[in-house]
J.: 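Let me begin by handing over the structure; questions about it come next.
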Amino acid sequence: REPQEQGVMARLMQSRPRPRAPPSGADPEAVVEPGVVTEDDVLHVPNAKLPAFGGRLGYSDTELLCQFLTAPYLRIPLLVEFFREESRLRALESQELQGVLDACLFEPGGWVADADKRLPATIPAADAAVTSSPFGLLVNELLFCPRPLLQGLTGMLEKALDFDTGSYHGQAVPVMLYLIRLVARVEEYVHGVVELLAAKSGAAANGVQTGLQACAAVLESAPGGLAAELQALCAPVTELLRGRAFAMLEQWRGGGAAGGCVCV
(Lines give C-alpha, C1' and ligand atoms only; values in the text may rest on other atoms or scores of the structure.)
Protein backbone atom coordinates (compact mmCIF):
# COMPACT_ATOMS: atom_id res chain seq x y z
CA ARG A 1 0.00 0.00 0.00
CA GLU A 2 1.09 3.57 -0.59
CA PRO A 3 2.20 5.47 2.56
CA GLN A 4 -0.80 7.84 2.36
CA GLU A 5 -3.18 4.85 2.39
CA GLN A 6 -1.62 3.24 5.46
CA GLY A 7 -2.96 3.77 8.95
CA VAL A 8 -1.25 6.03 11.46
CA MET A 9 0.17 3.14 13.51
CA ALA A 10 1.49 1.42 10.39
CA ARG A 11 3.35 4.58 9.37
CA LEU A 12 4.74 5.02 12.89
CA MET A 13 5.98 1.43 13.04
CA GLN A 14 7.48 1.50 9.57
CA SER A 15 11.23 1.04 9.76
CA ARG A 16 13.32 3.94 8.53
CA PRO A 17 17.08 4.15 8.13
CA ARG A 18 18.74 6.00 10.98
CA PRO A 19 22.14 7.64 11.01
CA ARG A 20 24.78 5.77 13.00
CA ALA A 21 25.36 8.87 15.11
CA PRO A 22 23.76 12.31 15.39
CA PRO A 23 25.54 15.26 13.76
CA SER A 24 28.61 16.43 15.66
CA GLY A 25 27.97 19.25 18.10
CA ALA A 26 31.15 20.82 16.74
CA ASP A 27 30.10 20.65 13.08
CA PRO A 28 29.49 24.19 11.76
CA GLU A 29 26.80 22.81 9.44
CA ALA A 30 24.92 21.49 12.49
CA VAL A 31 25.55 24.56 14.65
CA VAL A 32 24.85 27.22 11.99
CA GLU A 33 23.14 25.84 8.88
CA PRO A 34 23.80 23.32 6.07
CA GLY A 35 26.43 24.49 3.61
CA VAL A 36 28.57 26.32 6.18
CA VAL A 37 31.97 24.67 5.81
CA THR A 38 34.59 27.41 5.59
CA GLU A 39 35.35 30.68 7.36
CA ASP A 40 34.03 32.59 4.34
CA ASP A 41 30.73 30.70 4.55
CA VAL A 42 30.28 31.93 8.13
CA LEU A 43 30.98 35.53 7.09
CA HIS A 44 28.15 35.35 4.56
CA VAL A 45 25.55 34.09 7.05
CA PRO A 46 23.12 36.89 8.02
CA ASN A 47 23.15 37.77 11.72
CA ALA A 48 19.55 36.64 12.06
CA LYS A 49 20.56 33.10 11.03
CA LEU A 50 23.50 32.78 13.41
CA PRO A 51 22.87 30.57 16.47
CA ALA A 52 21.43 32.61 19.34
CA PHE A 53 22.84 30.66 22.33
CA GLY A 54 20.08 32.21 24.41
CA GLY A 55 21.36 35.72 23.68
CA ARG A 56 24.48 35.11 25.77
CA LEU A 57 26.92 35.98 22.99
CA GLY A 58 26.86 38.99 20.71
CA TYR A 59 26.80 38.61 16.93
CA SER A 60 30.53 39.27 16.53
CA ASP A 61 31.47 36.71 19.20
CA THR A 62 29.05 34.15 17.76
CA GLU A 63 30.49 34.67 14.28
CA LEU A 64 34.05 34.26 15.62
CA LEU A 65 33.14 31.06 17.49
CA CYS A 66 31.50 29.58 14.38
CA GLN A 67 34.60 30.42 12.33
CA PHE A 68 36.71 28.46 14.83
CA LEU A 69 34.48 25.43 14.26
CA THR A 70 35.49 25.34 10.59
CA ALA A 71 39.10 24.50 11.62
CA PRO A 72 38.86 21.21 13.58
CA TYR A 73 42.61 20.77 13.98
CA LEU A 74 43.02 24.23 15.54
CA ARG A 75 39.73 24.81 17.30
CA ILE A 76 40.63 23.37 20.73
CA PRO A 77 43.23 26.03 21.69
CA LEU A 78 41.24 28.72 19.85
CA LEU A 79 38.06 28.01 21.80
CA VAL A 80 39.84 27.67 25.14
CA GLU A 81 41.42 31.10 24.62
CA PHE A 82 38.07 32.47 23.42
CA PHE A 83 36.28 31.45 26.62
CA ARG A 84 39.00 32.81 28.93
CA GLU A 85 37.41 36.26 28.54
CA GLU A 86 35.00 36.76 31.46
CA SER A 87 31.83 37.71 29.57
CA ARG A 88 32.28 34.76 27.21
CA LEU A 89 32.98 32.47 30.14
CA ARG A 90 29.67 33.48 31.72
CA ALA A 91 27.97 32.60 28.42
CA LEU A 92 28.74 28.93 29.17
CA GLU A 93 25.58 28.99 31.27
CA SER A 94 23.99 28.05 27.93
CA GLN A 95 23.71 24.27 27.65
CA GLU A 96 23.93 24.64 23.88
CA LEU A 97 27.32 26.34 24.20
CA GLN A 98 28.43 23.70 26.70
CA GLY A 99 27.54 21.06 24.11
CA VAL A 100 29.62 22.82 21.45
CA LEU A 101 32.68 23.08 23.71
CA ASP A 102 32.31 19.46 24.90
CA ALA A 103 32.09 18.26 21.30
CA CYS A 104 35.19 20.23 20.30
CA LEU A 105 37.23 18.85 23.19
CA PHE A 106 36.05 15.28 23.52
CA GLU A 107 34.91 14.12 20.09
CA PRO A 108 37.93 12.36 18.54
CA GLY A 109 37.61 13.84 15.06
CA GLY A 110 39.09 12.21 11.97
CA TRP A 111 41.20 9.10 12.46
CA VAL A 112 44.38 8.14 10.64
CA ALA A 113 46.56 5.10 11.40
CA ASP A 114 49.97 6.77 11.20
CA ALA A 115 51.02 9.78 13.25
CA ASP A 116 53.63 10.62 10.58
CA LYS A 117 51.93 12.85 7.99
CA ARG A 118 53.19 15.03 5.18
CA LEU A 119 52.68 18.78 5.39
CA PRO A 120 49.73 19.91 3.26
CA ALA A 121 50.50 21.47 -0.09
CA THR A 122 47.58 23.90 0.24
CA ILE A 123 45.62 25.51 3.06
CA PRO A 124 42.94 24.43 3.68
CA ALA A 125 44.27 20.93 3.04
CA ALA A 126 42.58 18.95 0.31
CA ASP A 127 43.21 15.66 2.12
CA ALA A 128 41.32 15.26 5.41
CA ALA A 129 43.99 12.79 6.63
CA VAL A 130 46.38 15.72 7.12
CA THR A 131 44.24 17.05 9.98
CA SER A 132 43.36 13.63 11.41
CA SER A 133 45.06 11.84 14.28
CA PRO A 134 45.54 8.27 15.57
CA PHE A 135 44.92 9.54 19.12
CA GLY A 136 41.88 11.82 18.85
CA LEU A 137 42.16 15.60 18.78
CA LEU A 138 42.36 16.17 22.56
CA VAL A 139 45.14 13.62 23.10
CA ASN A 140 46.89 14.95 19.99
CA GLU A 141 46.81 18.44 21.56
CA LEU A 142 48.22 17.09 24.84
CA LEU A 143 51.01 15.30 22.99
CA PHE A 144 52.21 18.11 20.76
CA CYS A 145 50.99 21.44 22.18
CA PRO A 146 49.77 21.02 25.78
CA ARG A 147 50.75 24.41 27.21
CA PRO A 148 48.07 26.67 25.62
CA LEU A 149 45.35 24.13 26.39
CA LEU A 150 46.22 23.43 30.03
CA GLN A 151 47.14 27.00 30.92
CA GLY A 152 43.96 28.19 29.24
CA LEU A 153 41.80 25.73 31.18
CA THR A 154 43.55 26.75 34.41
CA GLY A 155 42.68 30.39 33.70
CA MET A 156 39.07 29.51 32.87
CA LEU A 157 38.63 27.54 36.09
CA GLU A 158 40.25 30.29 38.21
CA LYS A 159 37.85 32.89 36.78
CA ALA A 160 34.87 30.59 37.19
CA LEU A 161 35.69 29.98 40.86
CA ASP A 162 35.92 33.75 41.35
CA PHE A 163 32.19 33.90 40.53
CA ASP A 164 31.38 32.14 43.81
CA THR A 165 29.19 34.22 46.13
CA GLY A 166 29.20 31.64 48.91
CA SER A 167 25.75 30.35 47.93
CA TYR A 168 24.69 27.55 45.60
CA HIS A 169 21.80 29.80 44.48
CA GLY A 170 24.16 32.19 42.66
CA GLN A 171 23.48 32.98 39.01
CA ALA A 172 26.90 31.69 37.89
CA VAL A 173 26.59 28.30 39.65
CA PRO A 174 25.82 26.38 36.40
CA VAL A 175 28.97 27.85 34.83
CA MET A 176 31.12 26.89 37.82
CA LEU A 177 29.78 23.34 37.98
CA TYR A 178 30.25 22.88 34.24
CA LEU A 179 33.86 24.16 34.33
CA ILE A 180 34.71 21.88 37.25
CA ARG A 181 33.37 18.86 35.33
CA LEU A 182 35.09 19.90 32.10
CA VAL A 183 38.51 20.49 33.67
CA ALA A 184 38.29 17.29 35.74
CA ARG A 185 37.66 15.32 32.54
CA VAL A 186 40.66 16.87 30.79
CA GLU A 187 42.78 16.18 33.88
CA GLU A 188 41.95 12.48 33.51
CA TYR A 189 43.10 12.60 29.90
CA VAL A 190 46.41 14.08 31.08
CA HIS A 191 46.86 11.28 33.61
CA GLY A 192 46.06 8.74 30.88
CA VAL A 193 48.69 10.17 28.52
CA VAL A 194 51.30 10.24 31.30
CA GLU A 195 50.48 6.61 32.09
CA LEU A 196 50.88 5.64 28.45
CA LEU A 197 54.21 7.44 28.23
CA ALA A 198 55.41 5.60 31.34
CA ALA A 199 54.28 2.31 29.80
CA LYS A 200 56.23 3.13 26.64
CA SER A 201 59.36 3.71 28.72
CA GLY A 202 58.79 0.45 30.58
CA ALA A 203 58.44 -1.48 27.34
CA ALA A 204 61.69 -0.02 26.03
CA ALA A 205 63.50 -0.88 29.25
CA ASN A 206 62.52 -4.54 29.64
CA GLY A 207 61.60 -5.57 26.12
CA VAL A 208 58.26 -7.01 27.32
CA GLN A 209 54.98 -5.50 26.17
CA THR A 210 51.76 -5.55 28.17
CA GLY A 211 48.54 -4.48 26.46
CA LEU A 212 49.05 -0.94 27.75
CA GLN A 213 52.63 -0.90 26.51
CA ALA A 214 51.57 -2.16 23.10
CA CYS A 215 49.03 0.65 22.95
CA ALA A 216 51.76 3.11 23.94
CA ALA A 217 53.86 2.08 20.94
CA VAL A 218 51.94 4.58 18.79
CA LEU A 219 53.35 7.41 20.93
CA GLU A 220 56.82 7.15 19.41
CA SER A 221 56.38 10.59 17.85
CA ALA A 222 55.80 12.26 21.24
CA PRO A 223 58.55 14.74 22.18
CA GLY A 224 61.02 13.82 24.92
CA GLY A 225 60.31 15.08 28.41
CA LEU A 226 56.62 15.32 27.67
CA ALA A 227 55.48 13.42 30.77
CA ALA A 228 57.29 15.82 33.10
CA GLU A 229 55.92 18.83 31.18
CA LEU A 230 52.35 17.50 31.38
CA GLN A 231 52.64 16.86 35.10
CA ALA A 232 53.99 20.38 35.68
CA LEU A 233 51.24 21.98 33.58
CA CYS A 234 48.54 19.88 35.23
CA ALA A 235 49.67 20.63 38.80
CA PRO A 236 47.83 24.01 39.03
CA VAL A 237 44.68 22.34 37.64
CA THR A 238 44.85 19.60 40.25
CA GLU A 239 45.48 22.15 43.00
CA LEU A 240 42.42 24.16 41.96
CA LEU A 241 40.19 21.09 41.74
CA ARG A 242 41.31 19.51 45.02
CA GLY A 243 41.58 22.87 46.79
CA ARG A 244 39.28 25.79 45.95
CA ALA A 245 36.72 23.83 43.93
CA PHE A 246 36.38 21.05 46.50
CA ALA A 247 36.13 23.52 49.40
CA MET A 248 33.44 25.47 47.53
CA LEU A 249 31.39 22.34 46.82
CA GLU A 250 31.72 21.24 50.44
CA GLN A 251 30.46 24.65 51.60
CA TRP A 252 27.49 24.37 49.24
CA ARG A 253 26.78 20.85 50.40
CA GLY A 254 26.81 21.93 54.04
CA GLY A 255 24.53 24.87 53.33
CA GLY A 256 22.18 22.71 51.30
CA ALA A 257 22.00 20.03 53.95
CA ALA A 258 21.28 22.61 56.66
CA GLY A 259 18.50 24.08 54.53
CA GLY A 260 17.00 20.69 53.72
CA CYS A 261 18.06 20.85 50.08
CA VAL A 262 19.69 17.67 48.81
CA CYS A 263 19.95 18.57 45.11
CA VAL A 264 23.17 20.56 45.33
Side-chain angles (χ1 to χ4, degrees), residues 24-26 30-32 47 50-69 75-107 138 141 146-191 233-264:
S24 165
V31 175
V32 186
N47 286 345
L50 289 171
F53 300 124
R56 291 177 175 86
L57 285 178
Y59 287 129
S60 59
D61 280 345
T62 300
E63 187 176 76
L64 186 59
L65 182 146
C66 293
Q67 288 174 334
F68 291 160
L69 299 183
R75 67 188 175 203
I76 289 179
L78 290 174
L79 283 174
V80 167
E81 187 61 31
F82 176 85
F83 282 112
R84 284 187 72 172
E85 202 276 321
E86 184 173 327
S87 64
R88 295 167 178 168
L89 188 63
R90 287 184 180 273
L92 284 172
E93 183 183 355
S94 162
Q95 292 187 2
E96 187 180 0
L97 267 179
Q98 292 177 13
V100 170
L101 185 54
D102 281 345
C104 289
L105 279 170
F106 301 113
E107 289 184 4
L138 177 55
E141 203 70 28
R147 186 172 297 275
L149 170 62
L150 294 176
Q151 289 184 341
L153 288 175
T154 302
M156 287 171 65
L157 184 56
E158 283 177 333
K159 286 184 179 177
L161 294 175
D162 287 340
F163 298 159
D164 181 28
T165 61
S167 168
Y168 56 86
H169 293 299
Q171 185 178 1
V173 165
V175 177
M176 290 185 279
L177 292 176
Y178 169 69
L179 259 296
I180 290 170
R181 291 194 302 269
L182 176 80
V183 174
R185 291 173 70 186
V186 175
E187 183 195 33
E188 285 302 307
Y189 273 80
V190 174
H191 293 327
L233 289 170
C234 196
V237 172
T238 303
E239 184 178 350
L240 282 172
L241 288 172
R242 307 297 190 273
R244 288 181 62 189
F246 183 78
M248 181 185 73
L249 294 175
E250 277 293 287
Q251 181 185 5
W252 291 359
R253 184 193 63 80
C261 177
V262 294
C263 53
V264 179

J.: Are Leu65 and Leu97 close enough, and set up right, to give a side chain to side chain contact (heavy atoms under 4.5 Å, CB included), and what steps lead you there?
T.: CA-CA 10 Å; Leu65 182 146; Leu97 267 179; 3.7 Å; yes
J.: With the side chain counted from C-beta on, respond yes when Val31 and Phe53 share a heavy-atom pair under 4.5 Å apart, and no when they do not.
T.: yes
J.: Taking all non-hydrogen atoms of both residues, which atom of Gly25 and which atom of Ala103 are closest, and how far apart?
T.: C-CB, 3.6 Å
J.: Would you indicate whether the side-chain heavy atoms of Leu92 and Met156 approach each other to under 4.5 Å?
T.: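 The answer is yes, as the side chains (C-beta and beyond) meet within the 4.5 Å cut-off.
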J.: Please say whether more than 12 non-hydrogen atoms of neighbouring residues, nucleotides or ligands are located less than 6.0 Å from CD in Glu85.
T.: yes
J.: If you compare all heavy atoms of Glu187 against all heavy atoms of Cys234, which two are closest, and at what distance to 0.1 Å?
T.: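 Scanning both residues, the minimum pair turns out to be CG-SG, 3.7 Å.
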J.: Calculate, to the nearest 0.5 Å, the distance between atoms CG and CD belonging to Leu182 and Gln98 respectively.
T.: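 If I round to the nearest 0.5 Å, the distance is 9.0 Å.
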J.: Just do the side chain to side chain contact (heavy atoms under 4.5 Å, CB included) check on Ser60 and Leu64 with the steps written out, would you?
T.: CA-CA 6 Å; Ser60 59; Leu64 186 59; over 6 Å; no
J.: Is the shortest heavy-atom distance from the side chain of Glu86 to the side chain of Phe163 under 4.5 Å?
T.: yes
J.: Rounded to the nearest 0.5 Å, how far apart are CD of Glu63 and CG of Asn47?
T.: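 So the gap between those two atoms works out to 7.0 Å.
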J.: Hey, is Arg56 close enough to Asp61 for a salt bridge, meaning N to O under 4.0 Å?
T.: no
J.: Between Val186 and Leu150, is a side chain to side chain contact (heavy atoms under 4.5 Å, CB included) present by the stated rule, with each step listed?
T.: CA-CA 9 Å; Val186 175; Leu150 294 176; 4.1 Å; yes
J.: Go through the steps for Leu149 and Leu105 under the test side chain to side chain contact (heavy atoms under 4.5 Å, CB included), then give the verdict.
T.: CA-CA 10 Å; Leu149 170 62; Leu105 279 170; 4.2 Å; yes
J.: Output the distance between atom CD (Glu81) and atom CZ (Phe68), rounded to the nearest 0.5 Å.
T.: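 Here the interatomic distance stands at 9.0 Å.
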J.: Please check if atom CD in Glu250 has more than 12 non-hydrogen atoms from other residues, nucleotides or ligands closer than 6.0 Å.
T.: yes
J.: Is any side-chain heavy atom of Trp252 closer than 4.5 Å to a side-chain heavy atom of Leu249?
T.: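 The answer is yes; the side chains approach within 4.5 Å.
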J.: Supply the atom-to-atom distance Glu158 CD to Leu179 CG, rounded to the nearest 0.5 angstrom.
T.: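 One gets 11.5 Å once the value is rounded to the nearest 0.5 Å.
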J.: Looking at every heavy atom in both Asp164 and Met248, which two are closest together, and how far apart are they?
T.: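 Looking at all heavy atoms of both residues, the closest pair is OD2-CG, 3.4 Å.
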J.: Measuring only between side-chain heavy atoms, which start at C-beta, is Leu101 closer than 4.5 Å to Phe82?
T.: no
J.: As a quick check of understanding, evaluate salt bridge (charged side-chain N to carboxylate O under 4.0 Å, His left out) for Arg185 and Glu188, giving each step before the final call.
T.: CA-CA 5 Å; Arg185 291 173 70 186; Glu188 285 302 307; over 6 Å; no
J.: Tell me the closest heavy-atom pair linking Pro236 and Thr154, and the distance in Å.
T.: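 Result for this residue pair: CB-CG2, 4.0 Å.
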J.: Just say parallel, tilted or perpendicular for the rings of Tyr189 and Phe106, cut-offs at 30° and 60°.
T.: tilted
J.: Donor-acceptor check, side chain of Glu93 to backbone of Val175, threshold 3.5 angstrom: yes or no?
T.: no
J.: Closest heavy-atom contact between Leu241 and Ala184?
T.: CD1-CA, 3.8 Å
J.: Closest heavy-atom contact between Pro51 and Glu96?
T.: CB-OE2, 4.4 Å
